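Here is the structure we will look at.
Lettering follows sequence order; numbering is per chain, from 1. Worth saying up front: this structure is predicted, and the values here are computed from it rather than measured.
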Amino acid sequence: DAGVIQSPRHEVTEMGQEVTLRCKPISGHDYLFWYRQTMMRGLELLIYFNNNVPIDDSGMPEDRFSAKMPNASFSTLKIQPSEPRDSAVYFCASSFGTGLIGELFFGEGSRLTVL
Amino acid sequence: AQSVTQLDSQVPVFEEAPVELRCNYSSSVSVYLFWYVQYPNQGLQLLLKYLSGSTLVKGINGFEAEFNKSQTSFHLRKPSVHISDTAEYFCAVSDRDDKIIFGKGTRLHILP
């Protein structure tokens, strides 16, 4: 069975450009999480969804970031306009049930470099 | 608010030696604790979790962790490490919310 699928794996873009990261969760999972990983800040939770509804977006850095989940099998994280400080690895994870019971399954990440 | 502190950013250890990776947490309510492992260029994978019951939890690859409520700790141990254990290890906590909050990670370096 396929795991969490993220695309692109690598993205290099210039400051000011729009970036869209994509995630396909594991079929049947009802929770989807977006994390950002940097050397300085570690793994930060940006936003998570339950049954396609955003539950907590308090980790989203600023208005330049937005996330959507139009259906149970697809989510996007968009940065517009991008800045060099957005350079990081962005992970999508899904789970069945809450973090109290369910195990998070992570994708392989999207490495973003903003020049 | 809950938080996780991993006291060591890097831990070097000789192959076949024991290792302990330290984790302390803070939370105002009962917590659920996790250890995840990240191999190079991969996402995180669950090693083990503590939800309730026995305070000694056994996970995959020979790892175990002990929940200590009085010391608010959840240290990860392995009696004998192998070169394949080279990875970054993340401690995580969740309270009655749905969120899982991760520590900053500890890089385990296995020396030959």
So which part of R41(A) gets closer than 4.5 Å to some heavy atom of chain B, the side chain, the backbone, both or neither? backbone

Sort Q45(B) into side chain, backbone, both or neither according to what part of it lies under 4.5 angstrom from a heavy atom of chain A. neither

Could I get the full list of ring pair (Phe, Tyr, Trp, His ring centres under 6.0 Å) partners for F49(A), not counting sequence neighbours? none

Reference residue V81(B); test side-chain contact (heavy atoms from CB on, under 4.5 Å); the match among T86(B), N61(B), V19(B), V11(B): V19(B)

Portion of M40(A) that has a non-hydrogen atom of chain B nearer than 4.5 angstrom: backbone

Parallel, tilted or perpendicular: which fits the ring planes of H29(A) and F105(A), with parallel below 30° and perpendicular above 60°? tilted

Between S58(A) and chain B, with a heavy-atom cut-off of 4.5 Å, which part of the residue counts as in contact: side chain, backbone, both or neither? side chain

If I measure from the heavy atoms of chain B, does Y35(A) come under 4.5 Å with its side chain, its backbone, both, or neither? side chain

Toward chain B, the part of L43(A) with a non-hydrogen atom under 4.5 Å: both

Which atoms of Q6(A) are under 4.5 Å from chain B, going by heavy atoms: the side chain, the backbone, both sets, or neither? neither

Quick one about S82(A) and Q17(A) (side-chain donor to acceptor, distance below 3.5 Å, no hydrogens or angles considered), yes or no? no

Classify the side-chain pair S26(B)/N24(B) by whether it contains a donor and acceptor separated by less than 3.5 Å. no

L111(B): which other cluster members, linking ILVMFWY side chains closer than 4.5 Å, directly or transitively? F14(B)

